[in-house]
Amino acid sequence: MPALPPHQTDGPNHDVPSGGSKDGVLRIAVLGSTGSIGTSTLDVIAASSGRLVPHLLAAHSRVGPLLEQAWQMRPRWLVVTDPVAAAEIGSGSLPDGTSLAIGPDALDDLLADPMVDRVVSAIVGAAGLRSTWAAIEAGKTIALANKETLVMAGPLVMRRAAETGAQIIPVDSEHSAIHQALACGRPCEVRRIVLTASGGPFRTRSRESLASVTPAEALRHPTWSMGPKITIDSATMMNKALEIIEARWLFGMTADKLAVVVHPQSIVHSLVEFVDGAVIAQLSPPDMRLPIQYALFFPERCDGPAKRLDFDATMRLDFEPPDVDRFPALRLGLEAAARGGTAGVVLNAANEEAVRGFLDGGLRFTDIAEIVERLLNEHPFQEEPMLDDIRRLDSWVRQEVGKWVCV
Ligand code: NAD
Ligand code: MG
């Protein structure tokens with residue numbers, strides 16, 4: 001279940017963070033450690049004065065950067081999920097005290113180790129579901145960056161987490177802001193949740209010009225520095241669609257209580273409006289190290305490496321309604337959140353493959369939302385899919401998208 005903000009729990013013990021160890025030290029497993037969220041997580045761990053210990057670092061195939069991290073951070077375990085890439089690691093290339101494990105099964109097993117206090121789920125895309133599920137089965141506290149887990153399997157994930165006692169604390173900056181704002185009232189007092197969106201690099205571009213956008217242009221995000229997939233998702237605003245569905249399941253809010261506002265400065269990370277009209281927001285510069293640290297230490301707060309707002313300088317905060325005509329992904333996100341069932345897995349898989357097709361030059365930018373919409377309408381909808389149904393549908397959708405990609 002999502003770890004509730006402090007006042008909504010039965011009274012958390014602030015001496016020992018939930019999902020924590022008795023000695024006050026938290027041993028962290030970082031899944032996707034070589035990525036954008038992964039490296040920011042290592043910054044937070046390095047700045048924690050020993051309160052956070054890197055227990056396990058896992059990445060897929062970029063063995064060089066992973067080995068560098070191993071020498072710098074000295075984790076107990078290094079996991080390479082791609083066995084072909086793992087073969088590049090020669091004997092003697094690991095520091096003393098670090099062991100190598102290979103493949104996704106080994107990763108799942110290591111996540112169940114009682115030594116692991118918290119798991120940072122920061123693998124990109126649908127691949128992140130498997131290890132997040134393993135952490136849920138093990139009843140761990142999870143700092144969840146991999147939004148795809150909830151988009152694909154939200155109801156199943158939340159139900160299983162409630163059964164195993166796993167806690168899910170969001171890392172996505174919008175959901176972290178909402179998690180913090182929700183502490184100001186009771187769930188029944190929430191009127192709506194408003195997710196902020198930067199609007200991406202094409203916020204002011206005309207609808208006609210969007211068809212000719214190049215991958216290089218789409219990869220230039222105005223406020224955030226992120227991995228390539230999520231950067232394209234920000235340009236199409238499909239990232240906001242994924243986040244609407246993520247919020248739907250994480251906070252148990254129906255789609256009619258979820259809204260989006262464009263806020264180009266990316267300083268207000270989201271807002272919660274309560275029934276009395278009060279709107280509570282969380283503000284900070286765009287720096288993922290803050291939501292990562294929040295999730296790793298929750299319910300504690302402490303000093304950290306994230307940038308801070310400077311109130312001695314003039315600062316503008318703008319808000320504007322989103323343009324659903326130019327960014328149809330937003331409408332698709334709201335529809336998928338309302339529909340539930342298999343809509344999320346289809347939206348996610350179709351988008352992942354279409355983004356790949358766009359980056360490889362086989363699809364136009366505007367094809368992405370169009371393909372997602374077609375598959376949402378045409379797929380065999382199921383109200384309550386199980387994990388196997390989700391996996392099957394995920395591969396079917398990917399094959400279907402392949403038919404549109406020009407090679
Ligand atoms: P990234 O592309 O920078 O890094 C991805 C990581 O996942 C790498 O370490 C890679 O080795 C690993 N990986 C890739 N495929 C894998 C596989 N098949 N099996 C195991 N590991 C695999 O991605 P990112 O931008 O850090 O994003 C990670 C997740 O966090 C995504 O789900 C994204 O939506 C979410 N997120 C990212 C940001 C951000 O600022 N980057 C913000 C919010 C949420
Ligand atoms: Mg986000």
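All values reported here derive from a predicted model rather than from experimental measurement. Whatever order the structure lists ligands and atoms in, that order sets their numbers, starting from 1.
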Residue among T149, T81, D105 satisfying side chain to side chain donor-acceptor pair (under 3.5 Å) with R130: D105

What protein heavy atom lies closest to [atom]? Include the residue and the distance to one decimal.
{"atom": "atom 34 (O) of ligand 1", "answer": "K147 CE, 3.3 Å"}
{"atom": "atom 29 (C) of ligand 1", "answer": "I123 O, 3.7 Å"}
{"atom": "atom 43 (C) of ligand 1", "answer": "D172 OD1, 3.0 Å"}
{"atom": "atom 33 (C) of ligand 1", "answer": "I230 CD1, 4.0 Å"}
{"atom": "atom 12 (C) of ligand 1", "answer": "G32 CA, 4.0 Å"}
{"atom": "atom 3 (O) of ligand 1", "answer": "S36 N, 2.9 Å"}
{"atom": "atom 8 (C) of ligand 1", "answer": "T34 OG1, 3.5 Å"}

Looking at [X], which atoms of ligand 1 are within less than 4.0 Å of one of its heavy atoms?
{"X": "N146", "result": "32 (O)"}
{"X": "T81", "result": "19 (N), 20 (C), 21 (N)"}
{"X": "A127", "result": "17 (C), 18 (N)"}
{"X": "A59", "result": "11 (O)"}
{"X": "G227", "result": "3 (O), 25 (O), 41 (N)"}

Name the option, out of [options], that contains the heavy atom nearest to [atom].
{"atom": "atom 11 (O) of ligand 1", "options": "H60, E243, E246", "result": "H60"}
{"atom": "atom 2 (O) of ligand 1", "options": "T149, V124, D287", "result": "V124"}
{"atom": "atom 42 (C) of ligand 1", "options": "M288, K229, H175, E148", "result": "M288"}
{"atom": "atom 4 (O) of ligand 1", "options": "G35, A122, A145, G38", "result": "G35"}
{"atom": "atom 38 (C) of ligand 1", "options": "I37, V171, V79, L107", "result": "I37"}

Show the numbers, then the answer: is there a side-chain hydrogen bond (donor to acceptor under 3.5 Å, both in side chains) between H221 and S198? CA-CA 9 Å; H221 196 280; S198 71; 3.2 Å; yes

OD1 (D172) to the Mg ion (ligand 2) to OE1 (E174) angle, given to the nearest 10 degrees: 100°

Could you tell me whether R364 sits above the aromatic face of F358, with NZ or CZ closer than 6.0 angstrom to the six-membered ring centre and within 45 degrees of the axis? no

If only side-chain N and O atoms count, and only distance matters, is there a donor-acceptor pair under 3.5 Å linking [Y] with [X]?
{"X": "K147", "Y": "N239", "answer": "yes"}
{"X": "T342", "Y": "Q382", "answer": "no"}
{"X": "Q282", "Y": "S284", "answer": "yes"}
{"X": "T231", "Y": "S234", "answer": "no"}

Evaluation steps, salt bridge (Lys or Arg N to Asp or Glu O under 4.0 Å), between E148 and K229: CA-CA 12 Å; E148 294 85 352; K229 195 265 174 180; 3.7 Å; yes

Take R398 and D394 through the salt bridge (Lys or Arg N to Asp or Glu O under 4.0 Å) test and state the conclusion after the steps. CA-CA 6 Å; R398 285 167 200 276; D394 180 87; 2.8 Å; yes

Could you tell me whether K240 and D172 make a salt bridge, using a distance below 4.0 angstrom between a side-chain N and a carboxylate O? no

Atom of E243 nearest the Mg ion (ligand 2) (restricted to N/O/S, atom name only): OE2

I want to know whether F327 and F202 have ring centres closer than 6.0 Å. no

Salt bridge (Lys or Arg N to Asp or Glu O under 4.0 Å) evaluation trace for E335 with R331: CA-CA 6 Å; E335 283 170 11; R331 175 176 47 78; 3.5 Å; yes

